[in-house]
Amino acid sequence: MRTSALALLALLAFAALLAPVRATEDVDEVDDEDSSDFADRAFLIVRRVVADKRPIQGKTTTVTVELYNAGSTSALEVKAVESKWPEPFFSVSGDLSASYESIPAGATVRFTYQVTAQEAGPYQHPPTQVSYQAVEDDEDSVKSTSSAYLYFVTSTLVDEWKFKALELGSKLTGGNINTVSGWKWSVFAVAAALIAYYGHQSYLSVQDASKTKRRQRALEELQAMDSKSK
């Protein structure tokens with residue numbers, strides 16, 4: 001009887017050890033299936049690029065919208081719609097939307113339009129909205145995605161000259177001075193150094209003149225004493 005009880009306990013313990021292993025295997029199989037399903041889809045990444053690093057007020061610049069398929073199958077029936085730019089602060093020319101029958105895996109497509117800022121200052125443009133069919137044989141697999149906000153900062157012509165002057169100054173100083181405040185302190189430091197230098201030179205000149213006068217006076221006194229002794 002005691003032997004049977006021990007055998008039963010041993011079987012139960014062995015079954016308990018096998019149960020977690022079996023559960024882990026089931027979870028791994030589910031994960032593999034999910035990964036396989038996701039791998040057989042298109043996956044679009046959207047981004048926008050402004051041609052000019054610093055757009056200038058009144059000058060036209062180009063905005064490029066890029067759609068990259070990072071998935072393993074083609075994206076079908078792709079529709080990209082760009083948000084409208086607010087008037088009268090911006091004037092726009094060109095199409096703000098584009099359609100593509102298919103974007104193959106690993107491919108990038110682009111469309112462009114032109115923007116002219118009428119006023120200087122910062123502006124955040126809303127994202128580009130994109131919809132597409134992610135699975136080739138499944139018309140219900142429509143997905144949507146969007147770009148990030150576009151941070152658009154418009155400068156005046158005077159600001160552009162200032163930026164170029166700062167860039168040139170940064171190159172000349174090895175990147176040590178690259179801000180307006182840094183240049184102001186540098187000018188103050190140079191001016192103080194020049195004042196100190198020329199002040200010291202003036203002091204030395206006065207000292208030399210004073211010594212020269214004392215020598216001249218001493219010589220005159222010696223000559224006078226020598227004349228009296230004769």
Side-chain angles (χ1 to χ4, degrees), residues 19-155 160 163 167:
V21 174
R22 180 58 184 168
T24 302
E25 290 175 351
D26 291 341
V27 171
D28 291 341
E29 289 175 1
V30 171
D31 288 344
D32 291 340
E33 291 177 358
D34 290 345
S35 300
S36 176
D37 291 342
F38 182 76
D40 293 333
R41 295 174 179 267
F43 185 78
L44 294 185
I45 299 175
V46 188
R47 74 164 190 155
R48 289 177 292 188
V49 180
V50 181
D52 295 306
K53 182 179 179 181
R54 291 183 298 270
I56 300 175
Q57 180 183 2
K59 181 181 178 181
T60 301
T61 188
T62 299
V63 178
T64 301
V65 182
E66 294 184 350
L67 287 73
Y68 168 66
N69 187 357
S72 59
T73 63
S74 297
L76 306 177
E77 303 299 330
V78 181
K79 296 180 180 179
V81 179
E82 177 69 314
S83 301
K84 291 184 178 180
W85 292 72
E87 298 178 352
F89 306 106
F90 298 92
S91 58
V92 179
S93 60
D95 293 331
L96 295 181
S97 63
S99 299
Y100 306 92
E101 292 184 2
S102 174
I103 301 178
T108 301
V109 296
R110 302 174 178 87
F111 69 94
T112 62
Y113 60 92
Q114 288 70 44
V115 176
T116 305
Q118 305 301 332
E119 295 186 6
Y123 168 67
Q124 280 193 337
H125 192 55
T128 305
Q129 302 297 328
V130 177
S131 64
Y132 61 98
Q133 181 179 325
V135 180
E136 294 184 0
D137 298 328
D138 186 0
E139 294 182 356
D140 295 328
S141 62
V142 177
K143 300 293 182 181
S144 61
T145 186
S146 61
S147 66
Y149 276 83
L150 180 64
Y151 194 57
F152 197 92
V153 182
T154 305
S155 305
E160 182 65 14
F163 286 133
E167 288 178 351

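Predicted model only: the values in this text are computed from it and were never measured.
Using modelled atom types, one finds a donor on one side chain and an acceptor on the other under 3.5 Å when comparing E82 with T128. A side-chain donor from one of Q118 and S91 sits under 3.5 Å from a side-chain acceptor of the other. Side-chain contact of T116 with T60: a donor-acceptor pair under 3.5 Å is present, judged by distance alone.
With D138 contributing its side chain and D140 its backbone, the two residues share a donor-acceptor pair below 3.5 Å. For the pair S146 (side chain) and Q129 (backbone), a donor-acceptor distance under 3.5 Å is absent. The backbone N or O of Q133 sits nowhere less than 3.5 Å from a side-chain atom of R41 that would complete a donor-acceptor pair. Within the 3.5 Å criterion, the main-chain N or O of S83 finds a donor-acceptor partner in the side chain of H125.
Across all non-hydrogen atoms, the minimal contact from I103 to N69 is O-ND2, 2.9 Å. Contact detail for Y68 and G106: the closest heavy-atom pair is CE1-O, 3.6 Å. Considering every non-hydrogen atom in both A120 and S155, the closest pair reads CB-C, 4.3 Å. A pairwise comparison of heavy atoms in S102 and S74 identifies OG-CB, 3.5 Å as the closest pair. Heavy atoms only, all atoms of each residue included: L96 and K84 are closest at CD1-CA, 4.3 Å. The two atoms that bring R48 and P127 nearest to each other are NH2-CA, 3.5 Å, heavy atoms only.
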Practice task
Run the numbers on V92 and Y113 for side-chain contact (heavy atoms from CB on, under 4.5 Å), then give the verdict.
Solution key: CA-CA 7 Å; V92 179; Y113 60 92; 3.8 Å; yes
Exercise for the section: For the pair R54 and D52, evaluate side-chain contact (heavy atoms from CB on, under 4.5 Å) and give the outcome as yes or no after the intermediate values. Expected result: CA-CA 5 Å; R54 291 183 298 270; D52 295 306; over 6 Å; no
Practice task
Start with the C-alpha gap between V46 and T145, add the side-chain angles, then the distance that decides, and say whether side-chain contact (heavy atoms from CB on, under 4.5 Å) holds.
Solution key: CA-CA 8 Å; V46 188; T145 186; 3.9 Å; yes
Exercise for the section: Could you walk me through whether V78 and L67 pass the side-chain contact (heavy atoms from CB on, under 4.5 Å) test, one step at a time? Expected result: CA-CA 10 Å; V78 181; L67 287 73; 3.7 Å; yes
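Between D40 atom CG and S141 atom OG the span is 11.5 Å, to the nearest 0.5 Å. How far CD of Q114 is from OG1 of T61: 9.0 Å, rounded to the nearest 0.5 Å.
Taking the side chain as every heavy atom from C-beta outward, T154 and I56 never approach each other to under 4.5 Å. Two residues are said to be in side-chain contact when any heavy atoms from C-beta on lie closer than 4.5 Å; R47 and S147 fail this criterion. The closest side-chain heavy-atom distance from V49 to V63 is not below 4.5 Å. Looking only at side-chain heavy atoms (C-beta outward), V115 and W85 come within less than 4.5 Å of each other.
Aromatic ring centroids of Y123 and F90 lie under 6.0 Å apart.
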